[in-house]
J.: 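Dropping the structure in here first, questions after.
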Amino acid sequence: MAKIGVFDSGYGGLTILDAIRKELPQYDYLYLGDNARAPYGTHSFDVIYRYTLEAVKYLFEQDCALIILACNTASAKALRTIQQKDLLLINDENGDAALNGEKRKPVNVLGVIRPTVEAVPSITKTGHVGILATPATVSSESYVLELEKIAPELTIVQHACPMWVPLIEAGEHNGPGAKYFIGKYLREILAKDPQIDTLVLGCTHYPLMKERIDNWLEFRHELDESEFPQPTDSPKVTTIAQGELEAKSLADYLKRHPEYREQLSTGGTCTYLTTENADRFAQSASNFLSAPISAKTIQLGE
Ligand code: DGL
């Protein structure tokens, strides 16, 4: 029987895994964080694609039938090529997969951008939406292109937040450095468009700072930000985290796709893998998940 693989460059995918396990507790999961090579968001297309493909192949070899790229950067930069090229080489036209010379049932890889985009139009009232993401996700324009397809009337502004993932990976997201960079990026995106009332946290790491982000947004008019005054008539801003959206979308996908659902084992377990030190990963992941876990170190690539 097969598992659901959940992949991220580091700790961010845990926010997606947590929500998926609440929605679909019965399945067995394998989480892989490529912490040794995080952050992905400042790398080029070629590097992100190569790292993501190595992780996907590894998870397929560990008997995953379905892999969620719980990473916007990998979803934006690598998902399309993996779906249109690599999966066609693995799955044949009869729906069988060939992996390591072994015949298997079909396998698939899904991303996090589409389920998020679908939720945006019903949330914004002003029609002005901001996307906060890694530099790689922003440069891919994936959110803008996908939103233009389903809601061309919206005004979309993007902003890259290159310091947020390194702060979270370093466990510094509750410290004063994070406070500075939260204020900096939020001020910058709201200066681009003060009518924004919906901010997409377009990186799975960002929900780990959601409380602080929401707090800054709520009290921004009262902050001592004399250099960057916030217009007092600007709208209340709602932030969108992706966990629940992805979880509902996966539940719906599995209902519609028995070819994957029927392969999945239902022991309710989760195994954690990292490319970094397993104890350090387990310690940080336990804080993010508010429950102790143990992890194993694996190696990806050459
Ligand atoms: N959590 C990831 C994302 O959603 C990756 C961030 C990174 O490694 O830069 O984009």
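For ligands, and for the atoms within them, numbers begin at 1 and follow the listed sequence.
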J.: Is the shortest distance from a Lys or Arg side-chain nitrogen in D46 or R50 to a carboxylate oxygen in the other one below 4.0 Å?
T.: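 Salt bridge flag = no for R50 with D46.
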J.: Quick check on contacts: which atoms of ligand 1 are under 4.0 angstrom from a heavy atom of P39?
T.: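 Counting atoms of ligand 1 from 1, those under 4.0 Å from P39 are 7 (C), 8 (O), 9 (O).
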J.: Check whether any N or O atom of T137, backbone or side chain, sits under 3.5 Å from an N or O atom of ligand 1, and answer yes or no.
T.: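 In this structure, T137 places no N or O atom under 3.5 Å from an N or O of ligand 1.
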J.: Which of the numbered atoms in ligand 1 are under 4.0 angstrom from any heavy atom belonging to D8?
T.: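 With D8 as reference, the close atoms of ligand 1 come out as 1 (N), 2 (C), 5 (C).
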J.: What about the rings of H173 and F288, do their centers lie closer together than 6.0 Å?
T.: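 Yes, ring centres under 6.0 Å apart.
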J.: Is the CD atom of E276 crowded by more than 12 outside heavy atoms at less than 6.0 Å?
T.: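 Enclosed: over 12 neighbouring heavy atoms sit under 6.0 Å from CD of E276.
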J.: Applying salt bridge (Lys or Arg N to Asp or Glu O under 4.0 Å) as the test, list every pair that has at least one member in residues 152-175; sequence neighbours left out.
T.: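 As it turns out, there is no salt bridge (Lys or Arg N to Asp or Glu O under 4.0 Å) pair with a partner in residues 152-175 once direct neighbours are skipped.
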J.: With the threshold set at 4.0 Å, does a side-chain nitrogen-carboxylate oxygen contact exist between K248 and E118?
T.: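 Salt bridge absent between K248 and E118.
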J.: Report yes if S9 has an N/O atom closer than 3.5 Å to an N/O atom of ligand 1; otherwise report no.
T.: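 Checking ligand 1 against S9, an N or O pair does fall under 3.5 Å apart.
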J.: In the protein, what heavy atom is nearest to atom 10 (O) of ligand 1, and what distance, to one decimal place, separates them?
T.: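 Looking at atom 10 (O) of ligand 1, the protein heavy atom closest to it is T73 OG1, 2.6 Å.
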J.: Only heavy atoms of T134, strictly under 4.0 Å: list the atoms of ligand 1 that pass.
T.: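 By the 4.0 Å cutoff, the relevant atoms are 6 (C), 9 (O), 10 (O).
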J.: At a non-hydrogen distance cut-off of under 4.0 Å, which region of N72 contacts ligand 1 (side chain, backbone, both, or neither)?
T.: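 It is both backbone and side chain that touch ligand 1.
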J.: At less than 4.0 angstrom from any non-hydrogen atom of G41, what atoms of ligand 1 do you find?
T.: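 Counting from 1, the qualifying ligand atoms are 7 (C), 8 (O), 9 (O).
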J.: Between K103 and D96, is there a side-chain N and carboxylate O pair less than 4.0 Å apart?
T.: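 Salt bridge present between K103 and D96.
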